[in-house]
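One structure is given below, encoded as structure tokens.
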There are 2 protein chains.
Amino acid sequence: MEVSERLQKVMTEMRYVPHAAARHLASRKTRVVGLLLNNLHNDFFVPLLNGVEAVVRQKGYNLIIATYHANIRNETQPPIGPHNTDGMLVFSDGLMDNDLIALNSLGFPMVLVHRTPPADAPIPSVTVENIEITKQLIEHLIRVHGRSRILFLRGPIHQEDSARRELGYRRALEENGIPYDEGLVLNGEFERNVSYAELNRFIENGGKGKFDAVFTGDDDAAIGVLRSLQAHGIRVPEEVAVVGFDDLGFAPFLNPPLTTVRAPTEAVGRIATEKLFSLLENDFSDGVVILPTEIVYRRSCGCAQATYS
Amino acid sequence: MEVSERLQKVMTEMRYVPHAAARHLASRKTRVVGLLLNNLHNDFFVPLLNGVEAVVRQKGYNLIIATYHANIRNETQPPIGPHNTDGMLVFSDGLMDNDLIALNSLGFPMVLVHRTPPADAPIPSVTVENIEITKQLIEHLIRVHGRSRILFLRGPIHQEDSARRELGYRRALEENGIPYDEGLVLNGEFERNVSYAELNRFIENGGKGKFDAVFTGDDDAAIGVLRSLQAHGIRVPEEVAVVGFDDLGFAPFLNPPLTTVRAPTEAVGRIATEKLFSLLENDFSDGVVILPTEIVYRRSCGCAQATYS
DNA sequence: TGAAATAATGTAACCGGTTACTGTAACCGG
DNA sequence: CCGGTTACAGTAACCGGTTACATTATTTCA
């Protein structure tokens with residue numbers, strides 16, 4: 001029997017597990033990758049985490065998850081970096097473009113998730129198509145369902161998905177001759193509770209009757225929107241059409257079933273992590289991947305039949 | 001200016017971040033805690049993670065998340081342990097009772113989540129009340145809605161919540177004179193996709209008409225159950241009443257709104273993590289915490305009115 | 001002002017592995 | 001049976017901090 005085999009056997013028998021810190025220190029490798037998120041207040045992260053974790057585990061690495069966002073960046077150091085990981089996935093607005101450039105110039109492997117790299121730093125990135133599909137989604141509300149006063153609940157201010165969806169929203173309005181109305185844009189933060197509160201506020205301050213559709217920004221916010229509309233006795237989709245984004249698992253079973261955009265979120269997590277490992281192992285990975293999205297038409301926009309009569 | 005202040009200043013100026021591995025090695029502390037999960041295929045983990053992560057961040061620690069379950073425990077070492085963390089939260093059937101006892105006797109701080117400690121190891125634990133509330137939930141179906149052929153989709157075989165909910169289910173049947181029928185228990189794994197497939201299989205193998213209610217085990221599985229029932233043209237709650245467990249954020253907005261048990265999952269995560277830190281900092285924490293649960297009655301069991309007529 | 005208390009600096013060992021290098025034993029083909 | 005290759009063993013330096021202790025500078029106050 002080879003020595004290495006015998007060694008393995010004895011190590012297992014004696015339940016010897018090498019001390020991670022000592023290995024890390026000596027080998028200058030942690031075998032840990034990090035995932036930096038703005039927050040965890042969204043069911044969106046479940047498929048993302050699944051994609052990430054599956055690849056990380058398969059590679060025998062560990063995964064550190066941390067939240068870090070723009071509001072705390074001046075108080076705290078980023079919890080993840082070259083000092084405790086071999087590389088990281090960035091889905092956070094806490095690291096600004098110049099932070100990314102600095103880390104990148106240090107040779108620290110990174111992959112951006114749902115975020116475009118800074119102009120002069122070739123950091124790989126994985127995201128989904130937002131602008132064109134959002135434009136189509138809004139145009140569907142306008143052309144098929146005759147809606148024109150479309151409320152938009154945007155997401156976090158620095159979040160790129162939010163900005164792009166807003167762009168698609170504005171383009172659709174523009175190309176269909178509907179003036180953009182600042183007053184119809186609320187801050188939903190892509191969170192069901194925030195969206196619920198914001199829409200309540202809007203409706204209770206005389207907003208009722210001022211809108212005939214809502215683009216909730218994402219599916220999680222759609223939950224808050226539906227709850228608020230229901231609480232105010234506004235019928236969906238008859239009085240107000242509602243559309244979301246992401247097609248989370250619950251979307252087909254909301255009341256009414258949610259028309260939304262199917263985003264391959266687990267694939268985003270998986271591909272981003274594979275890119276990160278390609279960077280770790282081959283020191284190379286190519287640029288920006290934009291995964292395709294598609295609209296799923298259900299009841300909440302006015303399409304299809306109500307399932308329960 | 002004090003020396004330590006000046007030091008801090010220079011450290012910030014020069015962007016010096018101490019190398020984690022070196023600190024860990026020298027100080028024998030990692031300032032990392034681990035969270036061991038069976039899997040991540042469930043929206044249930046979002047509130048749990050939120051509770052855990054909030055406390056971990058507030059304490060300035062890092063969080064490693066890993067999946068580990070009974071099916072892979074013979075192939076791989078647990079990814080989290082004394083070698084790379086200061087303590088861990090265990091929500092996993094991958095570590096057996098004797099593993100826990102071994103780790104505990106090493107003095108490794110652990111807190112069990114949704115799991116009762118082994119008889120002879122005083123490991124703190126945080127979970128929610130399952131048995132009595134499930135019994136009440138099933139009795140509600142029996143007594144208020146007159147159901148008697150109640151399908152149960154149990155969760156993972158070693159998962160304690162699943163076992164306890166099954167116990168509550170059986171007690172309710174027993175105390176109401178309904179014989180337990182093995183044929184009405186399916187393996188839903190607490191996963192929407194598995195539950196969907198299992199219920200489809202059941203219905204298509206002649207199960208249609210053999211049940212008038214479903215206890216889905218948890219809310220995530222409820223999504224699969226509702227989808228399957230809808231696909232087979234079975235009306236909820238008229239033909240089949242459906243109840244879940246957890247009261248995840250989407251539950252009030254399923255179609256129809258889901259009657260379920262409200263479980264304080266974020267609090268479980270928060271309290272469990274606080275217990276872990278109490279163990280880390282004071283080397284002490286007391287026993288088993290069982291958080292109370294309550295039934296939330298909505299449309300899917302037959303209570304309340306349909307929101308959309 | 002001088003002795004004691006306190007703060008700062010200097011030094012070396014150590015954490016538990018990895019890495020590189022040197023030396024010895026086993027193996028292989030001609 | 002020998003030279004050359006390969007497998008294994010032994011040794012020491014090193015990774016980048018922490019810790020403990022000894023030394024020197026500064027402050028405090030009788």
Side-chain angles (χ1 to χ4, degrees), chain A residues 1-34 56-57 59-64 66 76-88 102-110 277 279-283, chain B residues 1-34 56 59-64 66 76-88 102-103 105-110 277 279-283:
Chain A
M1 196 191 303
E2 277 197 22
V3 175
S4 64
E5 279 177 43
R6 271 156 46 211
L7 187 61
Q8 282 295 339
K9 189 156 158 285
V10 173
M11 277 170 60
T12 331
E13 270 169 15
M14 308 196 66
R15 303 224 174 147
Y16 167 80
V17 181
H19 192 93
R23 307 188 69 160
H24 300 169
L25 184 57
S27 66
R28 348 274 323 266
K29 299 210 164 79
T30 64
R31 296 187 78 79
V32 174
V33 297
V56 169
R57 180 161 46 76
K59 293 281 184 180
Y61 273 55
N62 271 118
L63 176 65
I64 285 187
T76 5
Q77 292 270 329
I80 298 176
H83 60 289
N84 62 354
T85 52
D86 291 347
M88 75 171 161
L103 284 171
N104 185 246
S105 67
L106 258 57
F108 183 60
M110 285 181 296
F277 278 101
L279 232 39
L280 289 173
E281 291 163 1
N282 315 323
D283 199 33
Chain B
M1 195 191 303
E2 275 197 23
V3 175
S4 64
E5 279 177 41
R6 270 155 48 211
L7 188 60
Q8 282 296 338
K9 189 156 158 284
V10 174
M11 277 170 61
T12 330
E13 270 169 17
M14 306 197 66
R15 303 223 173 148
Y16 167 79
V17 180
H19 191 94
R23 305 187 70 161
H24 300 170
L25 184 57
S27 66
R28 348 277 320 267
K29 299 211 164 79
T30 63
R31 295 188 76 79
V32 173
V33 297
V56 170
K59 292 282 185 179
Y61 273 57
N62 271 116
L63 176 65
I64 286 188
T76 5
Q77 291 270 331
I80 299 177
H83 61 289
N84 62 354
T85 52
D86 292 347
M88 74 171 162
L103 284 171
S105 68
L106 257 58
F108 184 60
M110 284 182 297
F277 277 101
L279 232 38
L280 289 174
E281 291 164 1
N282 315 322
D283 200 33

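Because the structure is predicted, anything quoted here is derived from the model rather than measured. In the text below, chain A, chain B and the rest are named by the order of the sequence lines, each starting its count at 1.
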Does CG belonging to N282(B) count more than 12 external heavy atoms closer than 6.0 Å?
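Count over threshold, so yes.
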
Atom-to-atom span, [atom1] of [X] to [atom2] of [N] - whole angstrom:
X      : N       : atom1 : atom2 : result
H24(A) : dT18(C) : NE2   : P     : 10 Å
H83(A) : dC15(D) : NE2   : P     : 20 Å
R31(A) : dG17(C) : CZ    : P     : 16 Å
E5(A)  : dC8(D)  : CD    : P     : 10 Å

Residue [X], side-chain heavy atoms: nucleotide from [options] that is nearest:
X      : options                   : result
P18(A) : dG17(C), dT18(D), dG17(D) : dG17(C)
L25(B) : dC15(D), dG17(D), dC15(C) : dC15(C)
H19(A) : dT19(D), dG17(C), dC15(C) : dG17(C)

State which residue, out of D86(A), T85(A), N62(A), N84(A), fulfils the side chain to side chain donor-acceptor pair (under 3.5 Å) condition with T30(A).
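Exactly one pass, corresponding to D86(A).
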
Here's a test of your reading of the structure: between A21(A) and K29(A), which maps to the more 5' nucleotide of DNA chain C?
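Closest to the 5' end, via its nearest nucleotide, is A21(A).
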
Hunt down the Watson-Crick or G-U wobble partner of dA12(D), both distances under 3.5 Å, from any strand shown, or write none.
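In the structure as shown, dA12(D) has dT19(C) as its Watson-Crick or wobble partner.
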
May I ask you to verify if any side-chain N or O of R23(B) is less than 4.0 angstrom from the OP1 or OP2 atom of dT18(D)?
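The answer is yes; a side-chain N or O of R23(B) sits under 4.0 Å from OP1 or OP2.
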
Do the side-chain N or O atoms of Y16(A) get closer than 4.0 angstrom to the phosphate oxygens (OP1, OP2) of dG17(C)?
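Yes, such a contact exists.
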
